[in-house]
Amino acid sequence: MIEITLRAGSLEATETDALVVLAPSGAQSADSFGAGAIDAILGGLIGRLLNAGDFTGKAEQVAVLYPPESAAFKRVVLVGTGNGDVPLAERVRRAAAVAGKCAQDVGAKHVAICGLPDPVEATTTAVAEGLILGLYTFDSMKSKAADQSKIEHAVIVCSGDVIAEAEAGLRVGMALARATSLARDLTNLPPNVCTPAYLAEIAVRIAGERGLQVEVLERGQMQAIQMGALLAVAQAAHNPPRFIVLQHNAHRSAELDTLVLVGKGVTFDTGGYSLKTRDGMIGMKGDMSGAAAVLGAMQAVSELQVEKHVVGIIPASENLVDAAAYRPQDVITASNGKTIEIISTDAEGRLLLADALVYAKRFAPDAVVDIATLTGSAAAALGGVYSAVFATDVELRRALEHAGETVFERVWPMPMAPEYRKQIDSDTADMRNSSTIPKAGASVATMFLAEFVDYPVWAHVDMAGTFVDSGASAYIPAKGMSGYGARLLTQFVIEWTTRKGV
Ligand code: BES
Ligand code: ZN
Ligand code: ZN
């Protein structure tokens with residue numbers, strides 16, 4: 001991965017293959033965005049572009065300019081940050097991604113970035129995210145590496161009086177970008193590689209690197225605590241299930257706020273006996289995107305040493321078909337003793353989450369957030385633009401909305417209501433796992449999950465629309481997985497403050 005460092009100092013002396021200059025929309029002169037000295041070296045080219053109206057600084061506009069050979073920098077990549085409805089940090093993220101790709105395409109190995117708009121801390125974070133995520137590729141399954149030259153090092157150049165802010169911003173940006181890259185890697189991996197045991201290995205590796213506490217339950221241990229819902233899904237699993245629990249600051253749980261993050265880890269969803277169509281199965285290697293988001297976030301919060309007790313819980317299983325598979329009309333018992341009549345074996349995610357949400361209670365959480373590729377219904381409603389969020393607590397919902405805007409992994413509120421619960425009333429058991437009426441599927445699924453939540457502050461994020469490329473932008477690949485959720489959860493954990501005694 002590209003290495004990013006910071007430097008305070010003069011731009012003219014910056015030795016680099018490509019000097020990226022972030023330019024605001026509508027600027028009249030290079031001076032106005034701190035590039036006057038560079039423009040002097042370029043013989044006034046930037047000024048001429050601006051005057052001619054060839055470069056307006058609109059979002060993602062790029063111009064590559066060449067200084068005389070005597071200059072310290074070989075090229076200038078001028079990139080527009082635009083204006084309008086999109087928040088500044090997001091425009092900077094996209095501009096950094098566009099400039100990074102442009103510089104890499106012309107063979108640059110080293111880039112320098114300047115012209116960070118205020119507030120410097122947030123825009124430095126955004127530059128790091130945009131550069132790293134824009135240059136992300138998934139090639140570990142190719143037998144030969146692509147022969148493209150890659151940017152190896154970027155240096156962010158800023159003035160000495162804001163270097164402390166830039167440093168703080170860079171630290172967060174690197175952690176966020178690494179978290180998303182991890183989530184992308186895991187979700188892009190095929191289901192014969194990324195099995196429940198593989199997810200557990202990754203959790204153990206992160207724990208080792210970052211000093212997290214980790215526990216991995218196997219089938220026998222899940223049986224001992226009667227996780228009948230998860231185990232029903234795992235009955236036909238060829239690769240056995242795992243229940244993964246990671247903790248950051250476990251030893252300080254008494255003194256710190258406790259946040260629990262739960263991620264759906266279905267490493268492949270065939271639908272089971274309620275079999276998906278062949279087209280419907282494509283993409284289902286990504287049905288562990290919630291788990292990937294939680295693993296990414298756990299890595300980031302430990303890297304950033306966030307002053308909270310954070311627990312990551314990942315129930316992981318395949319959803320396959322064989323003679324041992326669970327059936328429609330089976331009645332199973334979850335770990336809180338509630339019974340569930342199976343209507344669809346394809347509504348398996350909520351079964352995994354049920355036992356995980358029950359397990360979360362033992363940590364006496366101040367807030368619990370689960371994230372899952374749970375329903376086609378959420379994807380139909382919101383596409384790849386927003387995830388659906390459901391919450392029992394308005395403050396928690398707002399905190400997720402705020403964090404989502406900040407990192408631009410947005411969530412939109414959807415309703416929970418007793419009327420939706422009626423759709424899963426069962427004649428034989430306490431509830432059914434799905435409705436027979438294809439309406440409000442995301443809300444109905446949430447009412448099911450609520451049966452396993454025994455604490456006041458809980459939110460559920462349905463990312464069935466956002467886990468793939470459909471929200472593609474300059475730093476979200478047009479093909480493959482988005483890595484959505486890792487930055488959302490990390491930012492949420494950073495921002496959240498518990499209202500003690502409420
Ligand atoms: N993993 C799917 C949901 C999904 C669908 C995620 C498409 C991403 C893209 C989930 O397990 C599922 O199959 N849900 C069913 C529930 C239904 C049977 C009540 C659905 O949404 O159709
Ligand atoms: Zn399913
Ligand atoms: Zn699923």
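Note that these values count all heavy atoms, side chains included, but never hydrogens, waters or copies made by symmetry. Start at 1 and go down the list; that is how both ligands and their atoms are numbered.
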Checklist entry - Nearest to atom 9 (C) of ligand 1, what protein heavy atom do you find, and at what distance? => result Met284 CE, 3.5 Å
Next on the checklist: Check this for me - ligand 1, Ala464, N or O atoms closer than 3.5 angstrom, yes or no?
Outcome noted: no
Item to check | Side chain, backbone, both or neither: Val444 near ligand 1, heavy atoms under 4.0 Å | outcome: neither
Checklist entry - Going through the checks in order, is the side-chain hydrogen bond (donor to acceptor under 3.5 Å, both in side chains) test met by Thr267 and Thr195? => result CA-CA 6 Å; Thr267 57; Thr195 60; over 6 Å; no
Checklist entry - Does NZ or CZ of Arg327 lie under 6.0 Å from the centre of the six-membered ring of Tyr273, at an angle within 45° of the ring axis? => result no
Next on the checklist: Is it the case that the ring center of Tyr359 lies less than 6.0 angstrom away from the ring center of Phe243?
Outcome noted: yes
Next on the checklist: When you compare ligand 1 with Asp287, is there at least one nitrogen or oxygen pair between them that comes in under 3.5 angstrom?
Outcome noted: yes
Item to check | Ligand-residue contact atoms, ligand 1 with Thr373, heavy atoms, under 4.0 Å | outcome: 1 (N), 2 (C), 3 (C), 6 (C)
Checklist outcome for this item: Quick look: Met463 vs ligand 1, heavy-atom contacts under 4.0 Å, and the answer is neither
Item to check | side-chain hydrogen bond (donor to acceptor under 3.5 Å, both in side chains) assessment of Thr137 paired with Asp139 | outcome: CA-CA 6 Å; Thr137 53; Asp139 34 32; 3.2 Å; yes
Next on the checklist: Working note: Thr180 + Arg487, criterion side-chain hydrogen bond (donor to acceptor under 3.5 Å, both in side chains); need CA distance, chi angles, decisive distance, verdict.
Outcome noted: CA-CA 6 Å; Thr180 302; Arg487 289 184 303 126; 3.3 Å; yes
Next on the checklist: Geometry only, no angles: is Lys276 polar-contacting ligand 1 at N/O separations under 3.5 Å?
Outcome noted: yes
Checklist entry - With the threshold set at 4.0 Å, does a side-chain nitrogen-carboxylate oxygen contact exist between Arg432 and Glu341? => result no
Next on the checklist: Working note: Ser289 + Tyr484, criterion side-chain hydrogen bond (donor to acceptor under 3.5 Å, both in side chains); need CA distance, chi angles, decisive distance, verdict.
Outcome noted: CA-CA 8 Å; Ser289 294; Tyr484 178 99; over 6 Å; no
Checklist entry - Distance under 6.0 Å and angle within 45° of the ring axis: does Arg184 meet both against Tyr136? => result yes
Next on the checklist: Please classify the Lys264 to ligand 1 contact at 4.0 Å (heavy-atom distances, strictly less than): side chain, backbone, both or neither.
Outcome noted: side chain
Next on the checklist: If you measure every N or O of Asp269 against every N or O of ligand 1, does any of those distances drop under 3.5 Å?
Outcome noted: yes
Next on the checklist: If you count every heavy atom of other residues, nucleotides or ligands that lies below 6.0 Å from Gln148 atom CD, does the total exceed 12?
Outcome noted: yes
Checklist entry - What are the atoms of ligand 1, with element, lying closer than 4.0 Å to any heavy atom of Glu348? => result 11 (O)
Item to check | Ion pair check, Asp355 and Lys338, cut-off under 4.0 Å | outcome: no
Checklist entry - How about the Zn ion (ligand 3), which protein N, O or S atoms come within less than 2.8 Å? => result Lys264 NZ, Asp269 OD2, Asp287 OD2, Glu348 OE2
Checklist outcome for this item: For Phe467, the atoms of ligand 1 under 4.0 Å from one of its heavy atoms are 8 (C), 9 (C)
Next on the checklist: Below 3.5 Å, N or O to N or O, backbone or side chain included: is there any such pair between Ser344 and ligand 1?
Outcome noted: no
Checklist entry - For atom 15 (C) of ligand 1, what's the nearest protein heavy atom and its distance? => result Asp346 O, 4.1 Å
Checklist entry - Hey, are Asp454 and Lys361 close enough for a salt bridge, meaning a charged N less than 4.0 Å from a carboxylate O? => result yes
Checklist entry - So which protein heavy atom does atom 20 (C) of ligand 1 come closest to, and at what separation? => result Gly376 N, 3.8 Å
Checklist entry - Which word best sums up how the rings of Trp496 and Phe492 line up, parallel for under 30°, tilted for 30 to 60°, or perpendicular for over 60°? => result tilted
Checklist outcome for this item: Residues Pro315 and Gly263: closest non-hydrogen pair is CD-O, 3.1 Å
Checklist entry - Can you name the nearest heavy-atom pair linking Ala474 to Glu60, along with the distance? => result CB-OE1, 4.0 Å
Checklist entry - Would one find an N or O of Ser434, backbone or side chain, under 3.5 Å from an N or O of ligand 1? => result no
Checklist entry - What residue and heavy atom of the protein are closest to atom 16 (C) of ligand 1, and at what distance? => result Arg350 NH2, 3.7 Å
Checklist entry - Between Leu351, Leu374, Thr345, which one has a non-hydrogen atom sitting closest to atom 10 (C) of ligand 1? => result Leu374
